[in-house]
Amino acid sequence: MQRTDSARVALVTGGHGFIGTHLAAGLARRGFRVVAADRTASPDERVESARLDVTSFAECLELVRAVRPHVVFHLAAFSTVDSAFSDPHASLATNIGGTANMLEAARAVRGGLARFVLASTDKVYGELCGDAYVETSRLDARGVYDVGKMAADHLVRLYGGEFGLPVAILRLCNVFGPGDPHTASRIVPRTLSRIFAAAGPLPPVVYEGSMAHGRDYVYVTDVVRALATLAFDPRACGESFNMVPAAHRATLDLVAEMIERSGEACEPHDRDRADAIRKNGYEVIPGAGLPRALEKQHCDGRKLGALGFSNQVSMAEGLRRTISSFLRSGPVRGRTR
């Protein structure tokens, strides 16, 4: 890989994942040379692919030395609670060790680095005790995924405070939108993959005990805009920010909303599917053996809003776009639970 002027180079770890793909494409449209680093190749010809295992410090250092990025967006992680619970050692090695490796590589090379942005999560706060998390709320994560991301959060702030690395952290809520492959775990793609199953609509599944869980949701393109804000706004350097949510929903309310909106979307061209979607309703299944879930999460996003950021996509519009993407791609085949 040839070295280039770092002034317009963005390095995205986890660049071929759900958010990473959207981020890399968005940066490329803005004229950046984008290097998407991941274990697989990027399908986007506007984006340069680099193979990277973030658990290898040697690989991280070699890549940062070759790319000499202006901005590093660190998204590489075990990205779901379920996957982290299934393989805790690999999850912690990636989410903690991988973050440490990328930070140290960035510190060692430094060069023209203007910002190291971590995609964190609101789960670092643990169970919500008040009305909303603010950035100064205690970090009290408990689960495997949550603790790994909390440790990464601490490491980024450590490298900012102790070594002067120009860092920023975005604590995300539940992100949804087209292209999310996690149809077995995340509520939006899991629900829609069943509604649009190839064999005909299946009832979405809701885990027993989770129906009243409250979560914030935000559309993926607004997350891309928020990450870019933290990367390029000088006021963001050294700071942590909660994502501005598009909406707050209880799990069962969100599933019911997706059922209704999916039926409405199918109505004009496939009345039978629309009727079946509504008739199926949803199915409650046991949650035994699953990782412990937080009861309620809610972010106060006013600090990010003070930078002039606001979401452009409402919850309703985000669901419309996501459902439309399922309709365009045709029935979902393969794993739907």
Side-chain angles (χ1 to χ4, degrees), residues 10 12 19-20 22-23 26-27 30 71-75 77 79 95 99 103 106 113-141 145-177 214-249 294 296-315 318:
V12 182
I19 298 174
H22 284 272
L23 176 61
L27 292 168
R30 291 179 59 166
V71 179
V72 173
F73 294 94
H74 183 50
L75 279 64
S79 57
N95 294 0
T99 302
L103 285 165
L113 184 69
R115 200 66 46 87
F116 184 107
V117 182
L118 173 71
S120 187
T121 172
D122 57 358
K123 294 188 188 303
V124 299
Y125 294 114
E127 194 65 60
L128 179 62
C129 296
D131 294 329
Y133 307 125
V134 295
E135 288 79 2
T136 55
S137 295
R138 180 185 176 191
L139 303 191
D140 193 26
Y145 171 80
D146 314 25
V147 168
K149 296 296 284 186
M150 180 178 70
D153 199 302
H154 280 304
L155 284 169
V156 170
R157 288 182 288 123
L158 168 69
Y159 270 74
E162 289 293 305
F163 304 114
L165 205 66
V167 301
I169 297 170
L170 182 62
R171 293 172 182 153
L172 295 168
C173 53
N174 288 27
V175 184
F176 71 98
R215 300 287 187 269
D216 288 338
Y217 294 87
V218 65
Y219 191 66
V220 65
T221 57
D222 281 325
V223 170
V224 168
R225 293 176 51 249
L227 288 166
T229 297
L230 268 58
F232 306 119
D233 191 320
R235 296 171 294 176
C237 191
E239 299 290 334
S240 302
F241 297 85
N242 290 336
M243 183 63 208
V244 178
H248 185 83
R249 292 284 191 277
L294 300 173
K296 186 176 180 182
Q297 299 170 254
H298 179 50
C299 283
D300 183 327
R302 286 178 292 179
K303 183 177 178 181
L304 181 57
L307 298 183
F309 179 88
S310 61
N311 289 324
Q312 293 181 344
V313 181
S314 68
M315 186 73 182

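Values below: all heavy atoms of this structure, side chains included; hydrogens, waters and symmetry mates excluded.
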message: I'd like to check L165 versus L113 (side-chain heavy atoms, cut-off strictly below 4.5 Å). Are they in contact?
response: yes
- prompt: By salt bridge (charged side-chain N to carboxylate O under 4.0 Å, His left out), which residues pair with E239, not counting sequence neighbours?
  reply: K303
- request: First locate atom CG of L155, then atom CE of M150, and finally report the distance between them rounded to the nearest 0.5 Å.
  value: 11.0 Å
- line: Interatomic distance, CG@N95 vs NE2@H74, rounded to 0.5 Å, equals 7.5 Å
statement: Heavy atoms of A226 and L304 approach each other most closely as CB-CD2, 4.1 Å
query: Which atom pair, heavy atoms only, marks the closest approach of L75 to A119?
result: CG-CB, 3.9 Å
- prompt: Pick from V156, L230, V117: which one makes a side chain to side chain contact (heavy atoms under 4.5 Å, CB included) with I169?
  reply: V156
- request: Measure the spacing between CG of D146 and CG of D140 and express it to the nearest 0.5 Å.
  value: 10.5 Å
query: Between F163 and L103, is any pair of side-chain heavy atoms under 4.5 Å apart?
result: no
- line: Rounded to the nearest 0.5 Å, the OG1 atom of T121 sits from the CE atom of M243 at a distance of 13.0 Å
query: Can you name the closest pair of heavy atoms from Q297 and H248 and give their distance?
result: O-CE1, 3.0 Å
query: Are the side chain of R115 and the backbone of A168 linked by a donor-acceptor contact shorter than 3.5 Å?
result: no
- prompt: Under the 3.5 angstrom rule, does the side chain of N311 hit a backbone N or O of V244 as a donor-acceptor pair?
  reply: yes
message: Under the criterion side-chain contact (heavy atoms from CB on, under 4.5 Å), I'd like the reasoning laid out for F309 against D233: C-alpha separation, chi angles, the key distance, then a yes or no.
response: CA-CA 11 Å; F309 179 88; D233 191 320; over 6 Å; no
- request: Determine the minimum heavy-atom distance between A132 and S137, stating which atoms define it.
  value: O-OG, 4.5 Å
task: Determine whether D216 and H298 make a side-chain contact, defined as any pair of heavy atoms from C-beta on separated by less than 4.5 Å.
output: yes
- prompt: With distance as the sole criterion, is a donor-acceptor pair present between the side chains of Y125 and N242 under 3.5 Å?
  reply: yes
- line: Only residue of D122, V124, L139, L172 satisfying side chain to side chain contact (heavy atoms under 4.5 Å, CB included) with K149 is V124
message: Donor-acceptor pair, distance only, cut-off 3.5 Å: does the side chain of Y133 make one with the backbone of K123?
response: no
- request: Assess whether side-chain contact (heavy atoms from CB on, under 4.5 Å) is satisfied between F73 and L27, documenting all intermediate values.
  value: CA-CA 11 Å; F73 294 94; L27 292 168; 3.6 Å; yes
query: Is the shortest heavy-atom distance from the side chain of R157 to the side chain of S240 under 4.5 Å?
result: yes
message: Test side-chain contact (heavy atoms from CB on, under 4.5 Å) on Y219 and R225; report intermediate values, then the result.
response: CA-CA 10 Å; Y219 191 66; R225 293 176 51 249; over 6 Å; no
- prompt: Would you say L170 and T229 make side-chain contact, with heavy atoms under 4.5 Å?
  reply: no
- prompt: Going through the distances and angles, do L118 and V167 end up as a side-chain contact (heavy atoms from CB on, under 4.5 Å)?
  reply: CA-CA 8 Å; L118 173 71; V167 301; over 6 Å; no
